[in-house]
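One structure is given here, and the rest of the page talks about it.
Hydrogens, waters and symmetry mates are skipped; everything else that's a heavy atom, side chains included, is used. Counting from 1, the numbers follow the sequence of the chain as shown.
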Amino acid sequence: MAKLKAGKIESHNHRAHNPPQTTVTAAMVMEQVARYNQIDKQGHLYGAIIASLRNYLENRQKGKYGEYHLAYCAHYVGDLSQPLHNTLKDAYNKKYHKRTDGIVESEVMQNLEKIKIYPVQINSEQDLATEIARIANRAKTLGYRLEAEDRLITREEAYQQLSDSASLFRAILHYVNSKPLLSTGKEF
């Protein structure tokens, strides 16, 4: 999968450096789509989700193998709910980022029941952008709360975050598997 991309180009797809006062909006999400696979200091995680999904749908429509793009989309959706992928890369983030990302890594497969799937309906890119913004704002708020309290994410908080991403990705999969593809590839 990594042969599609490399190095710094890919790293900017995995984060969005938001100051505490930022409110992520659907319009912000859509603006980031054009920056997919580009190098920029702000990052463009939110747009990467939509852009990678567009690439998947375009390849699928052309009869090409698009699953690498869908796998990247899944990874970005996972990053979306990670609090420190949505905050500034400051001293706290640098100190706790890796530990926060991996807080339940060694146990998650034995605790899948802790990941709750709630109903999310995606019928358009606008729906997807709205849901991305909602999850991003929740994750960003949690990230800055963790920083203010100078602590790691708890396991309970981590499973809630995983639930957000799992629910969104399930909705994405349901949508792409239940709707015919449009010829433009820009709206799914």
Side-chain angles (χ1 to χ4, degrees), residues 1-58 68-103 105 120 122 125-148 150 152-153 157-158 160-169 171-172 186 188:
M1 195 168 96
K3 66 184 175 182
L4 282 181
K5 302 178 192 179
K8 290 184 179 182
I9 291 173
E10 181 57 25
S11 69
H12 296 269
N13 294 328
H14 294 269
R15 62 180 186 267
H17 298 292
N18 297 306
Q21 69 278 10
T22 302
T23 299
V24 179
T25 64
M28 178 190 295
V29 172
M30 295 307 293
E31 181 274 325
Q32 288 186 5
V33 175
R35 297 194 331 246
Y36 185 52
N37 289 333
Q38 295 180 6
I39 296 174
D40 71 80
K41 292 179 184 177
Q42 178 63 27
H44 43 264
L45 167 62
Y46 316 136
I49 294 168
I50 292 174
S52 61
L53 192 57
R54 282 182 182 175
N55 288 345
Y56 164 72
L57 292 169
E58 181 180 306
Y68 289 139
H69 297 292
L70 190 59
Y72 273 104
C73 179
H75 186 105
Y76 303 145
V77 169
D79 286 347
L80 175 63
S81 68
Q82 292 286 26
L84 302 187
H85 285 257
N86 294 277
T87 61
L88 294 174
K89 194 171 184 178
D90 57 14
Y92 171 85
N93 193 310
K94 290 175 185 175
K95 180 179 178 182
Y96 290 112
H97 190 110
K98 189 173 183 175
R99 289 171 56 198
T100 298
D101 277 2
I103 198 80
E105 185 175 347
V120 175
I122 304 296
E125 282 188 354
Q126 186 61 43
D127 289 349
L128 179 55
T130 299
E131 187 64 14
I132 290 168
R134 186 189 71 75
I135 294 171
N137 285 312
R138 284 175 43 102
K140 179 188 67 69
T141 298
L142 176 57
Y144 281 114
R145 187 170 67 237
L146 296 171
E147 183 172 351
D150 193 29
L152 281 172
I153 192 170
E157 289 166 330
Q160 176 55 55
Q161 296 309 108
L162 287 169
S163 296
D164 283 347
S165 285
S167 297
L168 177 58
F169 195 66
I172 289 169
K186 291 188 177 183
F188 55 91

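Taking 4.5 Å as the limit, every side-chain heavy atom of Phe169 sits out of range of all side-chain heavy atoms of Val120. For the pair Glu58/His69, no side-chain contact is recorded, criterion being any heavy-atom separation below 4.5 Å from C-beta on. Taking 4.5 Å as the limit, some side-chain heavy atom of Asp164 sits within range of a side-chain heavy atom of Arg134. Residues Leu152 and Leu146 have side chains not in contact (no heavy-atom distance under 4.5 Å, counting atoms from C-beta outward). Residues Lys41 and His17 fail the side-chain proximity criterion, which asks for heavy atoms closer than 4.5 Å. Residues His85 and His97 form a side-chain contact, since some pair of their non-hydrogen atoms from C-beta on lies under 4.5 Å apart. Side-chain atoms of Val24 and Ile135, non-hydrogen and from C-beta on, never get closer than 4.5 Å to each other. Asn18 is listed as a side-chain neighbour of Gln42, based on a closest heavy-atom distance under 4.5 Å.
Once rounded to the nearest 0.5 Å, the distance linking CG of Asn13 with NE2 of His75 reads 10.0 Å. Note: Met30 CE to Ile132 CD1 = 8.5 Å, rounded to the nearest 0.5 Å.
The backbone N or O of Ile39 lies less than 3.5 Å from no partner atom in the side chain of His12, so there is not a single donor-acceptor pair. A donor-acceptor distance shorter than 3.5 angstrom exists from the side chain of Lys140 to the backbone of Pro20, with no hydrogens or angles considered. Using a distance-only test at 3.5 Å, with no hydrogens or angles considered, a donor-acceptor pair links the side chain of Ser52 to the main chain of Ile49. In this structure a side-chain-to-backbone donor-acceptor pair under 3.5 Å is present from Gln161 to Ser81. Side-chain atoms of Ser165 come within 3.5 Å of backbone N or O of Val77 as a donor-acceptor pair.
Tyr92 pairs by the ring pair (Phe, Tyr, Trp, His ring centres under 6.0 Å) definition with Tyr96, not counting sequence neighbours. Scored by the side chain to side chain contact (heavy atoms under 4.5 Å, CB included) test, Thr130 finds Ala26, Gln126 as partners (sequence neighbours excluded).
Among Leu88, Thr87, Asn86, the one residue that satisfies the side-chain contact (heavy atoms from CB on, under 4.5 Å) test with Asn93 is Thr87. For the ring-ring contact (aromatic ring centres under 6.0 Å, His included) test with His14, the passing option among Tyr46, Tyr36, Tyr76, Tyr72 is Tyr76; the others fail.
Pairs passing the side-chain hydrogen bond (donor to acceptor under 3.5 Å, both in side chains) check and including a residue from residues 22-31, sequence neighbours excluded, read Glu31-Arg35.
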